[in-house]
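Numbers restart at 1 for each chain; the letters A, B, ... are given by sequence-line order, proteins then strands.
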Amino acid sequence: MPAERTEIETYDPQVVEAKWRRRWEERRTNATDLHGAERPYYNLMMYPYPSAEGLHVGNVFAFVGADVYGRYRRLQGENVFEPIGFDAFGIHSENYALRVNTHPAELIPRNIARFREQLQRCGLMLDWDHEVSTTDPRYYKWTQWIFLKLFDAGLAVRKKAPVNWCPECKTVLANEQVIDGHCERHPGTVVHQRFLEQWFFKITDYVERLLQNHEWLDWSESTRTMQVNWIGRSEGAELVFETPTGTPITVFTTRPDTIFGATYMVLAPEHPLVRKLTTQEQRQVVHEYQRLAAAMDIVSRRVGEKEKTGVFTGAYARNPATGESIPIWIADYVLMEYGTGAIMAVPGHDARDLEFAHKFDLEVRQVVQPDDPAHEGIGFVGWDGTMINSGQFDGMPCTEAVPAITAWLEQQHAGKKQLQYRLHDWCISRQRYWGPPIPAIYCDDCGVVGVPEQDLPVLLPPLEDFRPDESGVSPLARVEEWYKVPCPTCGKEARRETDVSDTFLDSAWYFLRYPSTEYDDRPFDQELTEKWLPVNSYIGGNEHAVLHLMYSRFISMALHDLGHLPFEEPFARFRAHGTIVKDGAKMSKSRGNVVVPDEYIGKWGADTFRMYLMFLGPYQEGGDFRDEGISGIRRFLDKAWSLVASAEEGRADDHPDANRKLHQTIHGVGTDLEALRYNTAISKLMEYVNVLRAGRDGDAGLPGALLEPLAIMLGPLAPHLAEECWERLGHRTSVFDAPWPAYDEALAQEEQLELVVQVNGKVRGRLRVAPGISQEEAVARALAEEAVQRFTEGRQPRKTIYVPDRLVNLVV
RNA sequence: GCCCGAGUGGUGGAAUGGCAGACACGCGGGACUCAAAAUCCCGUCCCGACAACGGGGUGAGGGUUCGACUCCCUCCUCGGGCACCA
């Protein structure tokens, strides 16, 4: 070590970071040897869609958080694979292209180039050798291949169903893309319902597995709950009400026990039986009502506060429990897309039915007596009640009446137990241009035929005018020379499917592709897939809980069942990070509150910015972005650097306090990083640096043995500076190839600790004691304290509580 | 309406049954400087004027416990999800 270095260089993040970016590239530090790795660890972050605006701090927060974890695992000796790609197909990219009047094929490479540059400046441990872009034919060839596999298996079907149409996007949307009846991309635009034939993936076939696997998946509770709610499983019964027309009406109910109170029925206005049931006299009003309901958009139809409307069909059905004839109405508060589109109305025990019954003067009958006398009988909806006015079931508790009445009705062929889900099949058709063409061909003779695998990819043709229109079909339907093809089966002239698939199909399998990008003859290599998947750690935002994360699970399950994957759940561990908001609101361009990372990184450096984002608050909670405290992080890194830059020869043993703190820090930082508690990991590193500074002997430097672990522990959070420190401490290889410092519990042990002395639960004193003293000794020493005696006033303790090495409580 | 999560100094937050406010920002004071910035040192929950010391204090109210920010009950506020879902 140079003995006389009076001036130590100051820390210049721009110089340090440029140096290490270059060095990492030259040394291929972040490239993972996928074939040779001994301890594979797949660390995944949600790939971005390359918007023209570039990365915002929310993206950086997400990526850095995942990167910190990946770097930590690498320091644990694992071969961490941290790939990235771009979700470049889809409406978001296309809408932007339309707005700036430039072709997306031209725009996307530009945006991607900018994203790459920004990502590289963040100091992420990304392996760029495996970059994917969903718009690359070498990628979407296999997106189309997945469609074909599902089509062959009967999991991709064409069916006519009510679908969500965004008049702004001019395409249908999946249920998951509709938020409160509005398009997720156009919050001001109300989604219309259209009855169209579309391609659906039968995700509902997998609903029970999607639900049940959550029992063993290691996922954030918040994400799990969102998926469970979205799936919306209800247990109940399907009940059959005979009608004079001979066609019975089937209803779903979660309360079959209340059937004796069903005094009328309601069908959704578009229910197919309405036409058959309506009497001559009522035809006029029923038609008028149906017309009005059909003209309404989802939002005006679904608002809960709206007054109930409806009309009588003139027809009656037979209540299978009472044998009574009850009137059949139609009303828009019954939705065609849930259950059977028809209900038995029990106004006595359902708030909506009661409101309707009052308005139209229908009979209200109480059939449940609440156990709690404080509750009203009419209008009671809970489970704590007893049957009344229900024939032989009177006196039975509701919970017992459910199976009893269901079984009784089943004997009469009037009902059976039934499960109902809110989840619908996934509509993947999009009447847009910027996506992978759905690889299907329509032949007049052969019907729907899949494109033969050897003809993949079906290339998206370059289109000058790719503007969507009102026609309900894709712009590709305007290109005759593209869609006119011979039928692959019979050779007769046929027609390509002109819709493209949903972007969420692209993203439902990108993580399967990453390890296998070197192969063009298979979507994912069996050997590499077995070695690297399922993903070990996936960190991302809950905005994808019911979209990407649900779809990816479904696609993996389907491919597993078809023999293409050795596992059915793609993400062994998922952690939801929090959301970074600005002034209490989600960042969005329309609000004008988007914070871009570039100037912060330019001013403070990536390390400071990374660490600052992680220090903001608990990673899994997120918070409001403000830059008030960023200088504190920079000051910390300056201090850490100057300690390293003035290191001298010496032994850790010569600094017992610092050495003890070191081992406490190794332990604490390790467990915090593992649990994604980045904010407290950082504060522990700060404490360590504070102790190191306080324990210095004048200007004398500290030994490497105390500073090398600091460099390593800084690695996940401030990777560039960590490398610089590591190099300065005399190492030639990357700090990320060093092992995480060993924790020695004995060295972390305090020689003396403070025992809190309480009298009647109030702190009255503290004792300096050696660890592990006995209860007797602790109590005796506590009683000898003058301050304690003041409060015990000579009384002997009735009871003493001793928490070893922490506290003594004397109860007098 | 239902289901999650959260409410702690001037601010971000820490402590998940045992010293409330770690760590950091900000602020006040001091050192260095002609001066400023940077840096360093001291202080910083509230009340009893200061110290010693005492009292109060984690959204509100109740409870369990020797002891509650932490567990239980009721309520309020904020954020998120679902929602005429039968």
**Report entry** Side chain of A/Arg352 - closest among B/rA86, B/rC66, B/rC82
**Finding:** B/rA86

Query raised in the report: Counting only Watson-Crick or G-U wobble pairs whose two distances fall under 3.5 Å, which nucleotide matches B/rA38?
Result: none

Query - base_contact_polar (B/rC84 base, A/Lys308 side chain, donor-acceptor, <3.5 Å) - result: yes

Query raised in the report: Within less than 4.0 Å of OP1 or OP2 of B/rG13, is there a side-chain N or O belonging to A/Ser683?
Result: no

Query raised in the report: Using atom P of each nucleotide, how far apart are B/rG21 and B/rU33 to the nearest Å?
Result: 38 Å

Query raised in the report: Out of B/rG81, B/rA14, B/rA86, which nucleotide sits closest to the side chain of A/Met226?
Result: B/rG81

Requested in this report: Give one of base, sugar-phosphate or nothing for A/Tyr612, where a contact means two heavy atoms less than 4.0 Å apart.
Outcome: nothing

Requested in this report: Using the P atom as the reference point in each nucleotide, state the distance between B/rA38 and B/rG81 in Å, no decimals.
Outcome: 42 Å

Query raised in the report: At under 4.0 Å between heavy atoms, what does A/Gln420 touch on the DNA or RNA strands: base, sugar-phosphate, or nothing?
Result: nothing

Query raised in the report: If you look at every strand shown and take non-hydrogen atoms under 4.0 Å, does A/Phe636 touch a base, only sugar-phosphate, or nothing?
Result: nothing

Report task. Take atom P in B/rU44 and the same atom in B/rG62, then report the distance between them in whole Å. Result -> 33 Å

Report task. Report yes or no: is the cationic atom of A/Arg233 (NZ for Lys, CZ for Arg) closer than 6.0 Å to the six-membered ring centre of A/Tyr421, at no more than 45° off its axis? Result -> no

Query raised in the report: Looking across every strand, which nucleic acid part, if any, lies under 4.0 Å from A/Asn690 by heavy atom: base, sugar-phosphate, or nothing?
Result: sugar-phosphate

Query raised in the report: So what's B/rA52 paired with, Watson-Crick or G-U wobble, going by both distances under 3.5 Å?
Result: none

**Report entry** Distance between P atoms of B/rC45 and B/rA24 (Å, rounded)
**Finding:** 15 Å

Query raised in the report: Which is true for A/Arg806 with a 4.0 Å heavy-atom rule: it touches a base, it touches only sugar-phosphate, or it touches nothing?
Result: sugar-phosphate

Query raised in the report: So is A/Lys661 actually on top of A/Tyr688's ring, under 6.0 Å and inside 45° of the axis?
Result: no

Query - Heavy atoms from other residues, nucleotides or ligands near CD of A/Glu215 exceed 12 (cutoff 6.0 Å) - result: no

Query - Cationic tip of A/Arg255 above A/Trp383 ring, under 6.0 Å, 45° of axis - result: yes

Query raised in the report: Which value, in whole Å, describes the distance between the P atoms of nucleotides B/rC76 and B/rA22?
Result: 34 Å

Query raised in the report: Does the base of B/rG5 carry an N or O that pairs as donor and acceptor with the side chain of A/Glu221 under 3.5 Å?
Result: no

Report summary line: Any strand, both distances under 3.5 Å, Watson-Crick or G-U wobble: B/rU33 pairs with none

Query raised in the report: Is the Lys NZ or Arg CZ of A/Arg224 less than 6.0 Å from the centre of A/Trp230's six-membered ring, within 45° of the axis?
Result: no

Query raised in the report: If we call it a pair only when both distances are under 3.5 Å in a Watson-Crick or G-U wobble match, what pairs with B/rG26?
Result: B/rU44

Report summary line: If pairing means Watson-Crick or G-U wobble with both distances under 3.5 Å, then the partner of B/rU74 is B/rA60

Query - B/rC66 base / A/Asn809 side chain donor-acceptor hit below 3.5 Å - result: yes

Requested in this report: Check every strand shown and say whether A/Arg635 touches a base, only sugar-phosphate, or nothing at a heavy-atom separation below 4.0 Å.
Outcome: sugar-phosphate

Query raised in the report: If we take the P atom in both B/rC53 and B/rC66, what is their distance in whole Å?
Result: 29 Å

Query raised in the report: Any side-chain heavy atom of A/Met265 within less than 4.5 Å of one from A/Trp329?
Result: no

Report summary line: Per nearest nucleotide of RNA chain B, the residue lying toward the 5' end, A/Thr253 or A/Arg764, is A/Arg764

Query raised in the report: What is the base-pairing partner of B/rG21, counting Watson-Crick and G-U wobble geometry with both distances under 3.5 Å?
Result: none

Report summary line: Side-chain atoms of A/Val811 come closest, of B/rC66, B/rA15, B/rC3, to B/rC66

